[in-house]
Every structure is written in C-alpha cells, then in structure tokens.
Amino acid sequence: MPALTLREVLALDPVRATEPELLAGEAALDRPVRWVHSSEVYEGANFLDGGELLLTNGFGLTDTDAEIRRRYVRELAARGASGLAVEIGRSLPTMPPEVTDEARRLGLPLLALHRVVPFVRITEAANRAIVARGLSGRSVVRPWGDDHTAALLADLADRAALNQPEVEARSALAGFHPGPGARLIGVSVHGARDVTAVDRAVRLLGGASVLRAAFPGDVLALLALPGSVSGDPIRAVQEAFRAAADPGLTVAVGHAVDTGSGWLRWSDTLRAARTTLELALTVPAAEPAAPEGPLVTSARALALERELTRGGVDANRDRLARLVQHALGPLLAWEAAHPSDLVRTLEVHLRHGCSPTRTAALLHIGRQSLYQRLERIESLLGLEIDDPDLLGELLAAVCAHRVVRGMGAAQVRGLRTVA
C-alpha cells in the first residue's frame with residue numbers, strides 16, 4: 001500500500017480542526033509524508049531528512065527581513081520537506097507574503113493553520129496513521145517489526161493515551177523485556193540516520209536491553225539497565241555513548257526510572273531526553289566542548305536550563321533578562337567595552353564548586369590567569385564569588401545569560417520545551 005499522502009494528512013480530524021488554508025503547492029498534495037514534526041527552531045531544515053511535514057507556530061518567522069524568510073522556505077524545499085504548516089494568529093498575525101511567494105515558486109505546499117490545536121495532537125494522529133499505513137503494507141511474516149517499535153516510542157514520548165498493560169504488551173511484541181529492578185533511561189540522538197550508535201552503546205553496557213527506532217533526524221531509545229548493575233546508571237550510559245557514538249552526534253540522556261514505576265515514568269524519561277536534546281542543540285554549552293567526539297549530555301546536567309526555559313524562552317525572556325541584569329549588570333557592561341571571557345569563567349567556576357584547579361583546566365588557562373579573572377569579576381560585582389548566599393543567584397544568572405544569548409545569536413530562534 002502506498003505511503004500516506006499530504007492530502008490524506010489534511011483530512012485527519014486534528015488537522016481539519018485547525019481550519020487549514022492551502023496557500024501554495026496545490027500540485028504536490030499527493031506527495032508522500034514520511035513523518036510529521038514540529039519545531040520552533042529557525043534552522044528547522046537542518047533536522048529534516050526529507051518527506052516531513054513541518055509544523056511551526058511562526059515564532060521563527062517574526063522580526064526577520066524578507067530575504068531570511070525566503071531562505072527559510074528554500075532550505076525546507078532543498079531538504080525535501082513535504083510541506084510547511086504555520087499557525088496563524090499568535091506569534092504570526094498573517095502569513096508573510098514573501099513566504100507564500102517563495103513556496104509557490106518552489107512548489108512547496110504551504111498551509112496556514114487558522115485555529116490553535118496543540119501540535120502534539122496533530123503529530124500523534126498523523127504519525128499513528130503513517131505507522132499504521134506502513135504496517136498494513138508489510139508481510140504477514142513480520143506484522144510489527146521496527147515500525148511497531150517506532151509507534152510505541154512515539155506514543156510514550158508524546159504521552160499518548162495508554163495504560164500499563166498495553167505498554168507492557170507492546171513492549172513484549174517489540175522484544176523489550178526489562179526485568180524486575182531494572183532502571184529505564186530515555187536517550188535521544190541527533191545526527192544519526194540509524195540505530196548503530198545505540199546498539200554499540202548497549203553492547204558496551206553489557207546486559208542492557210533496549211527499545212530503539214530511527215525517526216527523521218533523530219534516534220529515540222529506551223534503555224533498561226539490570227538492577228544488579230552498580231554505580232550511577234546515568235553516568236554509565238553517558239560514558240557508553242561517548243565511546244560508541246561518532247563525532248558530530250549529539251546525545252541526550254533522560255532520567256533513570258524504575259521499570260515498575262508505571263508507563264508515565266517511562267514517558268517522563270523519554271520526554272526529558274527529547275527536551276534536553278533540543279536545549280543541547282539550541283543553547284550554547286556551559287563549558288568548552290571536547291575537540292573531538294560526540295556531544296553527550298543529560299537532563300540533570302541541563303536541569304537549570306530546563307527550569308529556566310520551562311514554557312519556552314520567549315515566555316520567560318523578560319524575566320530572564322531582569323535576572324541577568326540584576327546579578328551581572330556591571331560585569332556585562334565591562335564585557336561590552338572590553339572583550340573578555342569573564343561571564344563564562346564565572347559560570348564554569350561556579351559549576352565546579354569554585355575549584356581553581358578544575359576551572360583553569362577546563363578553560364585551558366593557567367591558575368594565575370584564572371585568579372586575575374576572578375579578582376576582576378569580584379571587583380566589578382562588588383562581592384565574593386564563593387559566598388554561599390550568592391551561589392544560587394549567580395549560577396542562575398550566568399545560565400540565564402547563556403540561554404538568552406544563545407537564542408539571540410540567530411535572531412529568530414525559539415525553544416519548544418516539554419513540561
């Protein structure tokens with residue numbers, strides 16, 4: 001049976017509820033849709049492999065000039081997107097004419113969504129239909145296979161309406177049997193086109209089982225580490241991926257949850273991995289990156305970033321700006337006039353327990369140079385960095401500064417965070 005088409009996606013109830021208006025690409029409505037993905041990141045085309053319908057609330061198209069908007073459409077078309085659907089009315093009052101014009105010129109289907117429907121409802125309905133269509137065309141020898149695994153992971157990550165017996169039955173069909181006492185950990189990998197890195201990491205972990213599937217742009221996995229394994233399971237998973245993943249990949253690790261804690265907790269660790277991955281791709285890292293190898297991080301490593309951006313960066317932008325200005329105003333004024341690395345020095349120092357040895361090593365500078373920087377910071381701020389009463393405020397402020405700076409670097413970036 002042929003793949004689900006864009007015309008059929010438009011006929012789904014959650015899509016129809018948005019009152020979609022087709023502004024361009026009428027001749028391409030019968031092209032196949034491999035997946036439906038939502039993103040508010042301006043560089044959304046970088047996450048696509050071709051055949052995706054991209055949903056956006058339009059935040060990435062605000063406050064930009066016409067040429068940037070045209071380039072955005074051209075990049076989507078160049079990556080083989082099956083279409084672009086833009087929510088009209090909140091971030092974007094009307095569809096920019098240059099977006100419509102460029103889409104028409106390229107033959108890219110462009111939809112204006114005039115009523116707000118949570119994107120998760122649209123992606124859930126569409127991707128369920130896509131998976132079901134794929135299953136119906138399979139040989140009866142393998143009626144579920146990898147598509148069933150992908151459907152289960154998608155349902156868990158999107159917190160679809162499930163129950164524990166259903167999750168356990170579908171896990172068993174996929175060959176996933178986490179034993180009593182096992183610790184489940186969600187993992188999301190960006191930049192991989194297959195599950196090879198996940199399989200290599202599982203082999204390194206020894207005794208772990210895994211539920212994994214490749215989605216357009218990302219790989220999603222749920223690892224089960226036996227309860228007999230001692231030590232920190234999150235650190236063990238991170239070290240395995242540092243050894244197994246190829247350079248250039250970004251790996252985000254969720255929380256560790258008990259296998260018997262219920263499917264909502266299974267969902268939580270997958271959602272944490274996805275949110276952490278988006279933060280890792282969007283917000284500059286707090287510390288200098290390793291010169292080679294993958295970027296491997298975790299939900300707990302980005303816990304502060306996750307809390308500061310809960311509900312989205314745009315919704316918190318003013319609050320974060322006030323926090324930054326209150327705590328770091330004199331330091332930022334100095335950096336504006338004197339190019340330096342004082343804010344990052346302060347954050348690395350705070351994150352590592354104010355250890356001069358560790359901070360100097362991470363920043364690749366001598367201890368004397370570090371002491372000079374710290375003295376300058378304390379002089380500008382009029383405080384002692386290692387004052388316990390100030391640590392929380394200063395760390396939140398330098399983290400907020402990095403988040404806002406990262407979002408402003410491309411002018412039009414936005415975060416979609418999962419609560």
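All residue numbers in this chain count up from 1 along the given sequence. Keep in mind the model is a prediction, meaning the values are calculated, not measured.
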### Task
For side-chain contact (heavy atoms from CB on, under 4.5 Å), just list the numbers for Arg373 and Leu363, CA-CA rounded to whole Å, side-chain angles, deciding distance to a tenth of an Å, and then say yes or no.
CA-CA 12 Å; Arg373 291 188 187 184; Leu363 294 174; 4.0 Å; yes
### Task
Might you work through the side-chain contact (heavy atoms from CB on, under 4.5 Å) test for Asp65 and Ile68, ending with a clear yes or no?
CA-CA 6 Å; Asp65 60 37; Ile68 291 177; 3.2 Å; yes
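- Interatomic distance, OG1 of Thr345 versus CG of Leu374, reported as 7.5 Å (0.5 Å rounding).
- Between Asp268 and Arg265 there is a salt bridge, since a side-chain N of the basic residue sits under 4.0 Å from a carboxylate O of the acidic one.
- Using a distance-only test at 3.5 Å, with no hydrogens or angles considered, no donor-acceptor pair links the side chain of Thr18 to the main chain of His114.
- Every residue two or more places apart in sequence or in another chain that forms a side-chain contact (heavy atoms from CB on, under 4.5 Å) with Pro96 is listed here: Arg69, Leu92, Glu98, Val99.
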### Task
Check the pair Arg212, Asp199 against side-chain contact (heavy atoms from CB on, under 4.5 Å), reporting the backbone distance first and the verdict last.
CA-CA 9 Å; Arg212 83 283 191 271; Asp199 290 345; 2.9 Å; yes
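- Listed for the Arg271 side chain is no donor-acceptor partner under 3.5 Å among the backbone atoms of Gly186.
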### Task
Please lay out, stage by stage, how Leu304 and Leu308 fare under the test side-chain contact (heavy atoms from CB on, under 4.5 Å).
CA-CA 6 Å; Leu304 186 53; Leu308 289 174; 4.1 Å; yes
### Task
Show your working on salt bridge (Lys or Arg N to Asp or Glu O under 4.0 Å) between Asp13 and Arg16 and close with a plain yes or no.
CA-CA 5 Å; Asp13 288 342; Arg16 292 171 56 196; 3.5 Å; yes
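- Counting only distance, with no hydrogens or angles, the side chain of Trp266 and the backbone of Thr259 share a donor-acceptor pair below 3.5 Å.
- Every pair passing side-chain hydrogen bond (donor to acceptor under 3.5 Å, both in side chains) that includes a residue from residues 385-394 is listed here, sequence neighbours excluded: His326-Glu393.
- Salt-bridge check for Arg344 with Glu347: failed, with every basic side-chain N at 4.0 Å or more from each acidic carboxylate O.
- The heavy-atom pair separating Ala28 from Leu6 by the smallest distance is O-CD2, 4.4 Å.
- At distances below 3.5 Å, at least one donor-acceptor pair connects side-chain atoms of Thr269 with backbone N or O atoms of His255.
- With hydrogens and angles disregarded, a donor-acceptor distance shorter than 3.5 Å links the side chain of Ser261 to the backbone of Asp258.
- Between the CG atom of Leu110 and the CE atom of Met95 there is a distance of 4.0 Å, given to the nearest 0.5 Å.
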Anything under 3.5 Å between a donor and an acceptor, one on a side chain of residues 169-176, the other on a protein residue two or more places apart or in another chain? List them.
{"from": "Arg170", "atom 1": "NH1", "to": "Asp155", "atom 2": "OD2", "distance (Å)": "3.0"}
{"from": "Arg170", "atom 1": "NH1", "to": "Glu166", "atom 2": "OE2", "distance (Å)": "3.1"}
{"from": "Arg170", "atom 1": "NH2", "to": "Asp155", "atom 2": "OD2", "distance (Å)": "3.0"}
{"from": "Ser171", "atom 1": "OG", "to": "Val167", "atom 2": "O", "distance (Å)": "2.8"}

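- Between Arg183 and Pro233 the shortest heavy-atom distance is NE-CG, 4.4 Å.
- Distance OG1/Thr297 to CG/Leu302: 4.0 Å, rounded to 0.5 Å.
- In this view, Ser82 and Arg31, Val33, Leu53 satisfy the side-chain contact (heavy atoms from CB on, under 4.5 Å) rule, not counting sequence neighbours.
- Between the CG atom in Leu22 and the CZ atom in Arg7 there is a gap of 9.0 Å [rounded to 0.5 Å].
- Closest approach of Pro20 and Leu113 over heavy atoms only: CB-CD2, 3.9 Å.
- Of all non-hydrogen atoms in Ala252 and Leu277, the two that sit nearest each other are CB-N, 3.5 Å.
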### Query
Is there a side chain to side chain donor-acceptor pair (under 3.5 Å) between Thr359 and His349 once you walk through the steps?
CA-CA 5 Å; Thr359 303; His349 193 58; 3.0 Å; yes
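- A salt bridge is defined here as a Lys NZ or Arg NE, NH1 or NH2 lying under 4.0 Å from an Asp or Glu carboxylate O, and Arg70 with Glu67 fails to meet this definition.
- We find that Arg274 and Asp218 are not joined by a salt bridge, their nearest charged nitrogen and carboxylate oxygen being 4.0 Å or further apart.
- Exactly one of Thr5, Leu10, Val9 qualifies for a side chain to side chain contact (heavy atoms under 4.5 Å, CB included) with Leu29. That residue is Leu10.
- Atom CZ of Arg121 sits in a sparse spot, with 12 or fewer heavy atoms from other residues, nucleotides or ligands closer than 6.0 Å.
- Across every non-hydrogen atom of Val219 and Asp194, the tightest pair is CG2-O, 3.2 Å.
- Remark: Pro180 engages no residue in a side-chain contact (heavy atoms from CB on, under 4.5 Å) (not counting sequence neighbours).
- Screening residues 224-238 for salt bridge (charged side-chain N to carboxylate O under 4.0 Å, His left out), with sequence neighbours left out, gives Asp232-Arg300.
- The line from CG of Leu381 to CG of Leu390 is 9.5 Å long, rounded to the nearest 0.5 Å.
- In plain terms, the two heavy atoms of Glu335 and Leu342 that are nearest each other are OE2-N, 2.6 Å.
- Atom CH2 of residue Trp263 and atom CG of residue Leu184 lie 14.5 Å apart, to the nearest 0.5 angstrom.
- Here the side chain of Thr275 pairs no donor or acceptor atom with the backbone of Ala272 at under 3.5 angstrom.
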